[in-house]
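Computed over heavy atoms, backbone and side chain alike; hydrogens, waters and symmetry mates excluded.
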Amino acid sequence: SLVHPQDRTQVEASIQQALALQQPYRMEYRVLNGQTGETVWIEARGRIVEDEGGRSVGLVGTSQNISEIKRTQLMLEGNLAQMRRLADSMPQIVWTARPDGVLDYTNRRWTEYSGNSQPERWLEFVHPDDQPGAVESWSRSLSSGELYHAEFRLRRIDETYRWHLVRAEAVREGGRIVAWYGTCTDVHDIRKLTEDLQAARLQAEHANRTKSAFLANMSHEIRTPLSAILGYAEILKDDTLES
């Protein structure tokens, strides 16, 4: 009767399941302090007690006050929800991942870009030629805990690909990685401009080499007949030369 009315069905179902399956149970629920009216969070753990014949004769367990832990957890969940609302307003793709590297959140921008709302499927949207490098660098960061930095193409909802700069940083608590926060920034236009400038530079260098070769050849072709003409001119200037 002390269990919070909203949690009673869950508690009863957990106990009945433990009895039916002959297995231990663990659950969290709220209880009401009849004197103060305060709500207290409880973590209950228990197991079935059997007699020598294997019949269930009771339950034994513990109940622990986890109100402080729960308040902290709810506060963190509130902060996370606020962070995700902020991420949804950003023009960048924002994502988070578990310590093992499995993505567990992407913001609205990713859904609009890719048409996908399942974060764990991100690799399917990486260009096939870029997938090995993306996986290798991600695995290296997961092993070392170092900053993740990569560039690869991501498929849009219209089936075209655009280059993105992808970065992620580990979040640590007590020296242990508890999550990864990352972003994907569209750098396709910048990369295209850089490639065009590089191509133009190479084309200019090629044209310059072609011009130099042309001038060298022309100089040679002009000098060859002029040498003979200049030789005859010198002979003709000789006053001793008989007609």
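- Atoms OG and CZ, from S56 and R47 in turn, are 11.5 Å apart once rounded to the nearest 0.5 Å.
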Start with the C-alpha distance between T39 and L32, add both sets of side-chain angles, then the distance that settles side chain to side chain contact (heavy atoms under 4.5 Å, CB included), and finish with yes or no.
CA-CA 5 Å; T39 299; L32 298 174; 3.6 Å; yes

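- Atom CD of E146 has 12 or fewer neighbouring heavy atoms from other residues, nucleotides or ligands inside a 6.0 Å radius.
- The cluster map of Ile, Leu, Val, Met, Phe, Trp and Tyr, joined by side-chain heavy atoms under 4.5 Å apart, puts I157 and V94 in different clusters.
- Checked by atom type and distance alone, the side chain of Y113 pairs as donor or acceptor with a backbone atom of L154 at under 3.5 Å.
- Side chain of D130 to main chain of E151: no donor-acceptor pair is present (N/O by atom type, distance under 3.5 Å, no hydrogens or angles).
- V178 is not connected to V102 by any chain of hydrophobic side-chain contacts under 4.5 Å among Ile, Leu, Val, Met, Phe, Trp and Tyr, and they are in different clusters.
- Note: the hydrophobic cluster containing L2 does not contain I15 (ILVMFWY, side chain heavy atoms under 4.5 Å, direct or indirect links).
- For H164 and F125, the distance between ring centers is not under 6.0 angstrom.
- Comment: R45 engages E43 in a salt bridge, judged by a side-chain N to carboxylate O separation of less than 4.0 angstrom.
- The distance from atom CD1 of I42 to atom CD1 of I66, rounded to the nearest 0.5 Å, is 7.5 Å.
- When the side chains of ILVMFWY residues are joined at heavy-atom separations under 4.5 Å, either directly or via intervening members, Y161 and W122 end up in two distinct hydrophobic clusters.
- More than 12 heavy atoms of other residues, nucleotides or ligands shown are found within 6.0 angstrom of CG on L19.
- Although no hydrogens or angles enter the test, the distance criterion places no donor-acceptor pair under 3.5 Å between the side chain of Q92 and the main chain of T185.
- Sorted by first and then second residue, the pairs that involve residues 4-16 and meet salt bridge (charged side-chain N to carboxylate O under 4.0 Å, His left out), not counting sequence neighbours, are D7-R30.
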